[in-house]
> 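To start, I am sharing the structure in question, which I have written as structure tokens.
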Amino acid sequence: MKKHISIALALLLMLSSIGMAKSTHICMGSEMMAEFGLATKHLDCGMNPQQHDDSSNSHQSIDPIECCQNQFELVHNDSDQNLKVVQIDAAQLIFIAAFTQSFIFGIAPITSTEQPAPHITPPSIEKDFSVLFQSFLI
């Protein structure tokens, strides 16, 4: 269990210091796709650029350079991770030991050396006393 936690924390520290790249594909002025990764990635929406046709009278074709474009954003952590040394005095050490013993490892149950009392059956009733039709003045 301790190995798994140590490995997870080491991976988290390593991934936070490496950084990530966000690749965004913008088509016709709106964002179509976005992906995160360790490096930039070329994204494509699958739209073929329209060819300029000289025989047609419409000059409203869209320039393929302005149609689709990719934007890349690099995100990384520039702060340095420094280890700080903590000074612990004797009173704090005693508290840490007591806390660890009682809450993490638990308190062992006290084993008793006493023998349990034997089961004794009650005496049998010789005569059944009926109280069903009696009234009592209180």
> Looking at every heavy atom in both L43 and H25, which two are closest together, and how far apart are they?
O-ND1, 3.2 Å
> Nearest heavy-atom pair of F72 and K41: which atoms, and what distance?
CE2-O, 3.3 Å
> Under a 4.5 Å side-chain heavy-atom rule over Ile, Leu, Val, Met, Phe, Trp and Tyr, are M14 and M20 clustered together?
yes
> Starting at SG of C27, measure out to CD of Q69 and round the result to the nearest 0.5 Å.
10.0 Å
> Taking a hydrophobic cluster as the set of Ile, Leu, Val, Met, Phe, Trp and Tyr residues connected by side-chain heavy atoms closer than 4.5 Å, whether directly or through intermediates, do F36 and L11 fall within one such cluster?
yes
> Count I, L, V, M, F, W, Y as connected when their side-chain heavy atoms are under 4.5 Å apart, and connections chain through other members. Are V86 and I96 then in the same cluster?
yes
> Using 0.5 Å steps for rounding, measure from the CD atom of E35 to the OG1 atom of T24.
10.0 Å
> Can you list the residues that meet the side chain to side chain donor-acceptor pair (under 3.5 Å) rule with H4, with sequence neighbours excluded?
none
> Working to the nearest 0.5 angstrom, can you tell me the gap between N70 CG and I26 CD1?
8.5 Å
> Let me see the working for L93 and D89 under side chain to side chain contact (heavy atoms under 4.5 Å, CB included), right down to the final yes or no.
CA-CA 6 Å; L93 187 62; D89 61 348; over 6 Å; no
